[in-house]
Amino acid sequence: MATCDMCGNDYDKTFTLTRGGETRTFDSFECAIHMMAPACAHCGCRILGHGLESDTGMYCCAHCARESGHAQATDRA
């Protein structure tokens with residue numbers, strides 16, 4: 001069995017996730033999200049989808065990007 005890097009649970013169904021050369025072990029997607037998903041530069045929520053990226057950060061939605069000064073950000077084309 002392996003131990004989850006987020007919560008410390010010793011579990012027989014862990015999985016590994018690699019992002020940018022960093023590999024971690026998790027017992028659930030919940031723990032993986034809390035540790036590995038990027039956070040919105042405006043509100044801090046975890047970005048689970050594509051989000052919006054600028055030269056100053058990643059945002060969960062166009063509203064947060066606009067609030068951070070990216071006036072042209074939109075959720076729809």
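In what follows, residues are counted from 1 in the order of the sequence shown.
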N/O donor to acceptor pairs below 3.5 angstrom from side-chain atoms of residues 7-18, sequence neighbours left out:
residue : atom : partner : partner atom : Å
Asn9    : ND2  : Asp27   : OD2          : 2.9
Thr18   : OG1  : Thr23   : OG1          : 2.7

Next item on the list: Name all residues meeting the side chain to side chain contact (heavy atoms under 4.5 Å, CB included) criterion together with Cys45; count only those two or more places apart in sequence or in a different chain, and write none if there are none.
Entry: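 By the side chain to side chain contact (heavy atoms under 4.5 Å, CB included) rule, Cys45 matches Cys40, Cys43, Cys60.
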Next item on the list: Please round to the nearest 0.5 Å and tell me the distance separating atom OG of Ser28 and atom CE of Met6.
Entry: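 Answer for the OG-CE pair, Ser28 versus Met6, is 9.5 Å.
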Notebook entry, point to check: So how far is it from Cys64 SG to Met58 CE, rounded to the nearest 0.5 Å?
Noted result: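 The distance works out to 12.5 Å.
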Next item on the list: Would you mind listing every ring pair (Phe, Tyr, Trp, His ring centres under 6.0 Å) that reaches into residues 32-60, with sequence neighbours excluded?
Entry: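 Listed by first then second residue: Tyr59-His70.
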Note to self: Can you list everything that forms a side-chain hydrogen bond (donor to acceptor under 3.5 Å, both in side chains) with Gln72? Sequence neighbours excluded, please.
What the structure shows: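 Scan of Gln72 (side-chain hydrogen bond (donor to acceptor under 3.5 Å, both in side chains), adjacent residues dropped) gives none.
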Note to self: Enumerate the salt bridge (Lys or Arg N to Asp or Glu O under 4.0 Å) contacts for residues 31-55, please, sequence neighbours excluded, ordered by first and then second residue.
What the structure shows: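 Residue pairs passing salt bridge (Lys or Arg N to Asp or Glu O under 4.0 Å), neighbours aside: none found.
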Next item on the list: Of all the heavy-atom pairs spanning Leu52 and Ala73, show the shortest one and how long it is.
Entry: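 That would be CD2-CB, 4.0 Å.
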Item checked: Non-hydrogen side-chain atoms of Thr25 and Thr3 separated by less than 4.5 Å ->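 When only atoms from C-beta onward are counted, Thr3 and Thr25 do not touch, as no gap falls below 4.5 Å.
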